[in-house]
**Q** 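My questions all concern the structure below.
Everything numeric here is computed off the predicted structure, so don't read it as measured data. Each chain gets a letter, A, B and so on, in the order the sequences are listed, and its residues count up from 1.
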Amino acid sequence: MSQVIRVENIAQYVGQEVTVQGWVYNRTHKGKLVFLLVRDGYGFVQCVAFKNDLPAETFQTIVHIPQESSITITGVVRADERAPGIPGGYEIGITGFEVVQAAEEDYPIALKEHGVDFLLDNRHFWIRVPSQWAILRIRATIISAIREWLDDHGYINMDTPILTPSAGEDTTTLFETEYFDEGKVYLDQTGQLYNEANIFAFKKVYCFGPTFRAEKSKTRRHLTEFWMVEPEIAFCDLDQLMEIEEQFVSHIVRRVLERRQPELRALGRDVSALEKIVPPFPRISYDQALEMLAEIREQTTDPQQKQLLEIEWGSDFGAPHETALTQRFDKPVFVYGYPSAAKAFYMEPWPGRPEVCKSVDLLAPEGYGEIIGGSERISDPALLLRRLHEQNQPEEAYRWYIDLRRYGSVPHSGFGLGVERTVTWICGITHIRETIPYPRTIKRVYP
RNA sequence: UCCUCGGUAGCUCAAUUCGGCAGAGCGGUCGGCUGUUAACCGAUUGGUUGUAGGUUCAAGUCCUACCCGAGGAGCCA
């Protein structure tokens, strides 16, 4: 056996004999010639067998090898523009072939069109196909870029609890479970409140973990279990927060462009759209956004769309509004200064305009919409207490949270970035369920 | 929770206004072909039409109830 290579590095081995450990993704044969498309976890490479170059028995084995069989192939790498694959452009002329296991012949996923229902039921196999494999490789790169940027900029990772007491929020959107003799506890929706405690010890922190929402949302933008990274920064106001967010998001996109070109190509992603993602990002106020929406509604002829785009001052944007708005930009756009009534109680009021708060959402371009929600938090204990009462929140549950403001309070801000929505946008795909290995939606917990 | 659409072979779908033998392509298998890209050619394999009940000589098709899924809204990342 020659050196076992990773297919992603195949260009380094032209002219050499190498070994690939992997699986048969596709087989097609033409008389004395067989093409195998082999995946090794790192890429897809075409391997070619000529009858005259191999022992008769080996050739017959290759001709009949079932799809998805696990194999060890030895052969010589050559560049050939005709060769498909990821990265593609290289193929292996087979000199040795060993079967680890011949797969059963009824593998359900063909190289043909399939319906969503079928593919989701077979998610454990679906992740083997190039598009899903590419998306999940990009996801992993996005996650490592997130940690890399934060770790390099003075943020420390603080894991926040997943099992949390009620905190008095509307429990219909929380998954609950029994916790010994302590009654009900809930799966976390955010680590933010704990992170607000953490910054007073560590200054800049982030938590990164799964988040659970029991909302009965049934759209292409929702999962019941998703991953969110939540940085929180002491001595930081709303303007500084936006600067951080645009640097952060730009870094993530840049890393994907640097490290995942073959995967982006496999997905047919328009890379030029991603190359535009550099700071600064446009900033518009909620009021300006409303004016833009009014303009867009004027220009719309479709009566149904016109109705969907209706919005009154005070409401948060729905998906149609975000989509319409972001189609007008080729970079992510900040929308700041939302009505306080539409946002959480802990957001700092706008100076001189208490009906508006220092919140900011980042909406991804090309119609993708919200990927980040963030704000400057209230730093004054008396004001925080008043806002709690105004929103009828139970004071006792937030005792420790209010106390944070009594001992060295500072202006501070933070945000949450939804990993799967970011992956959806960067990959240029239409549905969030493809951005996580095993999606959990309101109708699916299998496999 | 509400609105819309759908469920027929392993998969993707068809089955004519008006009820009349359950079909095709793909996949799998066998054979042919030295450059395939979702190859092509020939043969072959393949069915509890989502479930239960009803109408009828006869139901994939009509009626009733239910189950399951998808898309969208609201809510959110």
Side-chain angles (χ1 to χ4, degrees), chain A residues 25-37 44 46-53 59 63-64 66-68 80-85 88-89 91 93 103-122 125 129-130 169-170 172-173 189-192 210-230 304-305 307-308 310 315-323 342-344 361-364 368-374 415-425 430-433 435-436 441-444 446:
Chain A
Y25 180 67
N26 191 20
R27 183 194 73 222
T28 148
H29 56 107
K30 204 179 180 318
K32 294 173 183 155
L33 183 61
V34 183
F35 300 98
L36 298 180
L37 191 56
F44 292 70
Q46 174 163 278
C47 302
V48 188
F50 284 101
K51 188 172 188 176
N52 298 345
D53 295 348
F59 187 78
V63 164
H64 292 283
Q67 186 188 2
E68 291 303 319
D80 191 318
E81 281 180 8
R82 297 169 296 185
E91 65 181 21
E104 295 180 25
E105 283 164 356
D106 56 354
Y107 183 70
I109 305 215
L111 280 75
K112 300 287 173 186
E113 56 184 307
H114 293 290
V116 195
D117 193 28
F118 174 79
L119 289 170
L120 286 171
D121 282 343
N122 289 282
F125 294 136
V129 316
E169 283 185 47
D170 180 7
T172 57
T173 64
Q189 291 194 301
T190 171
Q192 182 205 319
T211 299
F212 305 90
R213 303 274 166 94
E215 287 151 3
K216 296 196 171 178
S217 302
K218 208 173 161 319
T219 80
R220 66 177 70 188
R221 296 175 309 283
H222 288 88
L223 296 168
T224 56
E225 178 184 310
F226 64 96
W227 286 67
M228 182 158 70
V229 58
E230 295 178 279
Q304 198 188 348
Q305 185 66 6
Q307 199 197 338
L308 281 172
E310 273 177 22
S315 304
D316 206 345
F317 300 128
H321 308 110
E322 288 184 4
T323 302
K343 291 289 181 182
D361 285 354
L362 184 66
L363 310 183
Y368 280 95
E370 182 173 3
I371 54 171
I372 286 181
F415 66 92
L417 174 135
V419 169
E420 287 77 13
R421 286 190 178 176
T422 304
V423 177
T424 307
W425 160 53
T430 58
H431 207 299
I432 198 166
R433 66 188 157 212
T435 63
I436 188 166
T441 64
I442 181 171
K443 291 294 179 186
R444 272 179 199 285
Y446 178 93

**Q** Please give, in whole Å, the distance from B/U29 C1' to A/E105 CD?
**A**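 Answer to the nearest Å: 7 Å.
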**Q** Under 4.0 Å, heavy atoms only, any strand: does A/L223 hit a base, just the sugar-phosphate, or nothing?
**A**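 Since a base atom lies under 4.0 Å of A/L223, the category is base.
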**Q** What does A/K218 touch in the nucleic acid at a heavy-atom separation under 4.0 angstrom: a base, only the sugar-phosphate, or nothing?
**A**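 The residue A/K218 makes base contact.
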**Q** What's the gap between B/U64 and B/A59 when it is taken at their C1' atoms, as a whole Å value?
**A**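 The same atom, C1', in both gives a distance of 15 Å.
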**Q** Could you tell me how far B/G23 sits from B/C40 if I compare only their C1' atoms? Round to whole Å.
**A**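 Pairwise C1' distance, B/C40 against B/G23, rounds to 24 Å.
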**Q** Report which part of the nucleic acid A/P66 touches: base, sugar-phosphate, or nothing (heavy-atom distance under 4.0 Å, all strands).
**A**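 The answer is nothing, as A/P66 stays clear of every strand by at least 4.0 Å.
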**Q** Which one is paired to B/C62, where only Watson-Crick or G-U wobble pairs with both distances under 3.5 angstrom count?
**A**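 Across any shown strand, B/C62 pairs with B/G54.
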**Q** Return no unless some side-chain N or O of A/K30 is found under 4.0 Å from OP1 or OP2 of B/G35.
**A**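 Yes, within the criterion.
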**Q** Between B/G74 and A/R221, is there an OP1 or OP2 to side-chain N/O distance shorter than 4.0 Å?
**A**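 Answer no for this pair, as no side-chain N or O of A/R221 is under 4.0 Å from OP1 or OP2.
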**Q** Taking only the side-chain nitrogens and oxygens of A/R27, find out if one of them lies under 4.0 Å from OP1 or OP2 of B/U29.
**A**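 Yes.
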**Q** Roughly, in whole Å, what's the span from CD in A/Q307 to C1' in B/U4?
**A**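 Going from CD in A/Q307 over to C1' in B/U4 covers 15 Å.
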**Q** Look at A/N122 and B/G10 and indicate whether a side-chain polar atom (N or O) is within less than 4.0 Å of OP1 or OP2.
**A**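 For B/G10, OP1/OP2 do not have a side-chain N/O of A/N122 under 4.0 Å.
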**Q** Whether the A/T173 and A/Q189 side chains hold a donor-acceptor pair (N or O, under 3.5 Å, no angle test) is what I'd like checked.
**A**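 Side chains of A/T173 and A/Q189: pair found under 3.5 Å.
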**Q** If pairing requires Watson-Crick or G-U wobble contacts with both distances under 3.5 Å, which nucleotide is the partner of B/A70?
**A**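 When the pairing criteria are applied, B/U4 turns out to be the nucleotide that pairs with B/A70.
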**Q** Once you apply a heavy-atom cut-off of 4.0 Å, does A/F35 come out as touching a base, just sugar-phosphate, or nothing?
**A**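 If one applies the 4.0 Å heavy-atom cut-off, A/F35 turns out to touch a base.
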**Q** Considering only atom C1', compute the distance from B/G7 to B/A15 and round it to an integer number of Å.
**A**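 Approximately 16 Å lies between the C1' atom of B/G7 and that of B/A15.
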**Q** Hey, does A/K216 reach any base, or is it just sugar-phosphate, or nothing, if we go heavy atoms under 4.0 Å?
**A**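 Touches a base.
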**Q** Counting any heavy atom closer than 4.0 Å, what does A/E420 reach on the DNA or RNA strands: base, sugar-phosphate only, or nothing?
**A**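 The answer is nothing, as A/E420 stays clear of every strand by at least 4.0 Å.
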**Q** Between the base of B/U34 and the side chain of A/N52, is one N or O donor paired with an acceptor at under 3.5 angstrom?
**A**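 Present.
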**Q** Is A/D106 touching bases, backbone alone, or none of the nucleic acid, heavy atoms closer than 4.0 Å?
**A**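 The answer is nothing, as A/D106 stays clear of every strand by at least 4.0 Å.
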**Q** Can you check the A/D121 CG to B/G10 P distance for me, whole Å?
**A**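 It works out to 14 Å between those atoms.
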**Q** Under a 3.5 Å cut-off for both contacts, is B/C76 paired Watson-Crick or G-U wobble with anything, and if yes, with which nucleotide?
**A**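 Base-paired to nothing in any strand shown.
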**Q** If the threshold is 4.0 Å, N to carboxylate O, is there a salt bridge linking A/D361 and A/K343?
**A**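 So A/D361 pairs with A/K343 through a salt bridge.
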**Q** Using OP1 and OP2 only, check whether a side-chain N or O of A/H114 sits under 4.0 Å from B/C26.
**A**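 Answer is no, no contact under 4.0 Å.
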**Q** Give the rounded distance in Å between these two atoms: CG of A/L111 and P of B/U36.
**A**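 Computing the A/L111:CG to B/U36:P distance gives 17 Å.
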**Q** Taking the nucleotide of RNA chain B with the nearest heavy atom to each, does A/A319 or A/T224 sit closer to the 5' end?
**A**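 Final value for this comparison: A/A319.
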**Q** Whole angstrom is fine here: how far is it from NE2 in A/H64 over to P in B/U29?
**A**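 My rounded result for the distance is 9 Å.
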**Q** Let me spell it out: for each of A/D361 and A/F118, pick the nucleotide of RNA chain B with the closest heavy atom. Which residue's pick is nearer the 5' end?
**A**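 In this pair, the answer is A/F118.
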**Q** Over all strands shown, is A/L36 touching base, sugar-phosphate only, or nothing at heavy-atom distances under 4.0 angstrom?
**A**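 Nothing: the residue A/L36, judged by heavy atoms under 4.0 Å, touches no strand.
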**Q** Using atom C1' in both nucleotides, what's the gap between B/A70 and B/G50 to the nearest angstrom?
**A**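 It works out to 15 Å between them.
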**Q** How many whole angstroms separate atom NE2 of A/H431 from atom P of B/A70?
**A**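 My rounded result for the distance is 8 Å.
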**Q** Categorize A/E91 for me: base, sugar-phosphate, or nothing, with a 4.0 angstrom heavy-atom threshold over every strand shown.
**A**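 Base, at least one base atom sits under 4.0 Å.
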**Q** If you only use heavy atoms from C-beta on, which nucleotide in B/U37, B/G27, B/G69 is closest to the side chain of A/R82?
**A**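 Per side-chain heavy atoms of A/R82, the pick is B/U37.
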**Q** Using the salt bridge (Lys or Arg N to Asp or Glu O under 4.0 Å) rule, take A/K32 and A/D53 through it: C-alpha gap first, then chi angles, then the decisive distance, then the call.
**A** CA-CA 10 Å; A/K32 294 173 183 155; A/D53 295 348; over 6 Å; no
**Q** Any N or O donor-acceptor pair linking the side chain of A/R421 to the base of B/C76 at under 3.5 Å?
**A**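 Flag set: donor-acceptor pair detected.
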**Q** Would you kindly say whether A/E230 and A/T190 are connected by a side-chain donor-acceptor distance under 3.5 Å?
**A**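 The criterion, which ignores hydrogens and geometry beyond distance, is satisfied for A/T190 and A/E230.
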**Q** Which base sits across from B/A39 as a Watson-Crick or G-U pair, both distances under 3.5 Å?
**A**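 Its partner: none found.
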**Q** Starting at CD of A/Q67 and ending at C1' of B/A38, how long is that distance when rounded to a whole Å?
**A**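 Spelled out: CD on A/Q67 to C1' on B/A38 is 12 Å.
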**Q** Who does B/A9 pair with, Watson-Crick or G-U, both distances under 3.5 Å?
**A**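 For B/A9, the partner nucleotide comes out as none, under the 3.5 Å rule.
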**Q** Does any donor-acceptor pair link the side chain of A/Q46 with the base of B/U37 at a separation under 3.5 Å?
**A**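 Not at all, since no donor on one side and acceptor on the other fall under 3.5 Å apart.
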**Q** What's the gap between B/C62 and B/A24 when it is taken at their P atoms, as a whole Å value?
**A**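 24 Å, rounded to whole Å.
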**Q** Please tell me which of the listed nucleotides, B/C75, B/G71, B/G35, lies nearest to the side chain of A/D80?
**A**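 Nearest nucleotide to the side chain: B/G35.
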**Q** Taking CD1 from A/I432 and P from B/A70, how many angstroms apart are they, rounded to a whole number?
**A**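 In whole Å, B/A70 P and A/I432 CD1 are 15 Å from each other.
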